[in-house]
There are 2 protein chains.
Amino acid sequence: MEKILGIFDKFPFLSDSSKTGFLSNLEEVKFEKGELLEEEGKVSQYLYYFLEGAARSYYRRNNRDITVSFTLEGEFVTAMHSFISRKPSYENIETLEKSKAYRISHDTLLNMFENFPETERAYRMILEEYYIVLEEQQIFAKFKSARERYLELMEYRPKVIQKASVGHIASYLDMSIETLSRIRAKI
Amino acid sequence: MEKILGIFDKFPFLSDSSKTGFLSNLEEVKFEKGELLEEEGKVSQYLYYFLEGAARSYYRRNNRDITVSFTLEGEFVTAMHSFISRKPSYENIETLEKSKAYRISHDTLLNMFENFPETERAYRMILEEYYIVLEEQQIFAKFKSARERYLELMEYRPKVIQKASVGHIASYLDMSIETLSRIRAKI
DNA sequence: CTGATTTATTGATTTTCGTCAATAGTATTT
DNA sequence: AAATACTATTGACGAAAATCAATAAATCAG
């Protein structure tokens, strides 16, 4: 069974037939820097698995971009809210650099659930992880000062700091660009 | 099939045998006001469905209680982070009043998934709803002033305001008790 | 019912961080 | 390489809400 990609690492219970079935339904896609994978107003069609590159998810409010997450290699991403609810997304997902990913459409995923019930479990686990990340983020943000939030990001996801702009990081950490700039000045 | 309880309302795809199997694995439990259903430091064992009463989920930080959610009749609740990860919970769940609930243990739930694969889908949907609520909460919190957050709670979940104390509501809305008190003074 | 303890209100002060504004630095285009 | 347009830094100021502190009201225990 495929080894090159870590995509099944977290789903050891999947049978070979499920894996094969799953892989045959994946589509490999490449993106240049700044391309939109998912767009607000449209129902999110795909679940992505990043092989190379990076992306950010963001939405717009008061003419401003609010970054809600960054996706790096080896991670799944979609506009989960829309992907789940089948309602129009308020999120955009754009690549921060040239990227390569696998993707599977929502329809295909539902078919997979019918043909290979184990895959529903794998999806459930992706959802669980998504949930946990969101919950940790929420708690993490609640008690930390702007400075502490930045230091934690540096500690746990330094690659994000390398790949994203000050503006993206600031909105992700829920502070103004100026505040972030001042924090960086006196690390 | 049972009609009294709305527990299956959102899962119309469940077969009668799944429903019967599920119901036979539910345990009915009653609580007085202030009882702990789940406790920090312990792995969350149960998923609850509230028939009557209300509860709040909270964790402790800096000697303070931070309320993360309220559960009313007809809603599911657990310390989801722990229930998912099987790691010790940092959340507590306590009843706000005399309550009645169904509950199912994590082990039983996993067995159900084996015997009635459809139930895994129902669980997935509970998880999805949990996720969506959390995400909406996060965005909701980000752009609203203290006053607006309170007004929205009044609009969408007025029962919470009736049943919870000012302290609980304030921490849930991420503001000080004093601020909430002042907001209430001049509605 | 009464005293004690917890919960809520109101006022004064402080702090953190956002906004506005000017400047500097980096990229991108021609 | 010069011109233009983003992106980042730094300073001055102000606003929202936190903290500290003192009462007041409500709840609970005996």
Side-chain angles (χ1 to χ4, degrees), chain A residues 32-36 54 56 58 60-67 70 92 94-98 138-154 158 160-187, chain B residues 32-36 53-56 58 60-67 70 92 94-98 138-154 158 160-187:
Chain A
E32 291 305 311
K33 174 175 177 176
E35 279 194 74
L36 273 185
R56 76 178 180 113
Y58 65 96
R60 257 176 252 281
R61 237 348 127 81
N62 311 337
N63 289 325
R64 231 172 320 196
D65 279 9
I66 310 302
T67 298
F70 294 102
N92 301 281
E94 75 169 14
T95 49
L96 292 174
E97 56 188 49
K98 200 173 170 179
Q138 211 173 59
I139 290 168
F140 149 84
K142 215 159 191 165
F143 271 92
K144 311 272 177 179
S145 65
R147 182 152 204 283
E148 288 169 320
R149 296 200 299 278
Y150 180 72
L151 291 176
E152 287 220 11
L153 182 64
M154 267 189 82
V160 166
I161 293 172
Q162 291 156 31
K163 298 192 173 194
S165 73
V166 174
H168 299 156
I169 297 170
S171 78
Y172 176 68
L173 295 176
D174 199 15
M175 67 183 75
S176 69
I177 289 178
E178 293 91 329
T179 298
L180 178 52
S181 202
R182 277 183 258 264
I183 289 167
R184 285 159 80 108
K186 45 181 162 180
I187 275 292
Chain B
E32 290 305 312
K33 175 175 177 175
E35 279 195 74
L36 272 187
R56 75 177 182 115
Y58 65 97
R60 259 177 250 280
R61 239 343 131 80
N62 310 335
N63 290 324
R64 231 173 320 197
D65 279 9
I66 309 303
T67 298
F70 295 102
N92 301 279
E94 76 170 13
T95 48
L96 291 174
E97 56 188 49
K98 200 172 171 181
Q138 206 173 60
I139 291 168
F140 151 84
K142 216 160 192 165
F143 272 92
K144 311 271 177 181
S145 66
R147 183 152 202 281
E148 288 170 320
R149 298 200 296 279
Y150 180 71
L151 291 177
E152 286 219 12
L153 182 64
M154 268 189 82
V160 166
I161 292 172
Q162 291 156 30
K163 299 192 173 196
S165 74
V166 174
H168 298 156
I169 297 170
S171 78
Y172 176 68
L173 295 176
D174 198 16
M175 66 183 76
S176 69
I177 289 177
E178 294 91 330
T179 297
L180 178 53
S181 202
R182 277 182 258 264
I183 288 169
R184 285 160 78 108
K186 45 181 161 182
I187 276 290

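Proteins come first, then strands; the chains are lettered A, B, ... in the order of their sequence lines, and each starts at number 1.
Residue B:Leu180 is out of contact with every strand shown, counting any heavy-atom pair closer than 4.0 Å. Note on A:Ser181: a base of the nucleic acid sits closer than 4.0 angstrom, heavy atoms only. Within the nucleic acid shown, B:Arg149 has no heavy atom closer than 4.0 Å to any nucleic acid atom. Residue B:Ser165 is in sugar-phosphate contact alone, with no base atom involved, counting any heavy-atom pair closer than 4.0 Å across all strands shown.
Of all non-hydrogen atoms in B:Ile66 and A:Phe143, the two that sit nearest each other are CD1-CZ, 3.2 Å. Contact between A:Lys33 and A:Leu96 at its shortest, heavy atoms only, is CG-O, 3.5 Å. Across every non-hydrogen atom of A:Thr67 and A:Ser171, the tightest pair is N-OG, 2.8 Å. Here the shortest heavy-atom pairing between B:Gly34 and B:Glu94 reads O-OE1, 4.3 Å.
The CD atom of A:Glu152 lies 10.0 Å from the CG atom of A:Leu173; values are rounded to the nearest 0.5 Å.
In this structure, A:Asp174 places its CG atom 13 Å from P of D:dA17, rounding to the nearest Å. Rounded to whole Å, atom C1' of D:dA8 lies 15 Å from atom CE of A:Met175. Atom pair B:Arg147:CZ and D:dA15:P shows a separation of 18 Å (rounding to whole Å applied). When the P atom of D:dC28 is taken as reference, atom CD of B:Glu32 falls 13 Å away, rounded to whole Å.
First and last contacts of DNA chain C with chain A, using any nucleotide atom under 4.0 Å from a protein heavy atom and ordered 5' to 3', fall at C:dC17 to C:dA21.
Candidate nucleotides D:dT19, D:dT9, D:dG11 were compared by shortest atom distance to the side chain of B:Ser176, and D:dT19 ranks first. Of the candidates D:dT10, D:dT9, D:dC20, D:dC20 carries the atom nearest the B:Glu178 side chain, counting heavy atoms from C-beta on.
Within a 6.0 Å radius of NZ in B:Lys98, no more than 12 heavy atoms belonging to other residues, nucleotides or ligands are found.
For the pair B:Thr179 and D:dA17, the criterion of a side-chain N or O lying under 4.0 Å from OP1 or OP2 is not met.
Nucleotides of DNA chain D nearest to A:His168 and B:Lys33 differ in position, and the one nearer the 5' end is that of A:His168.
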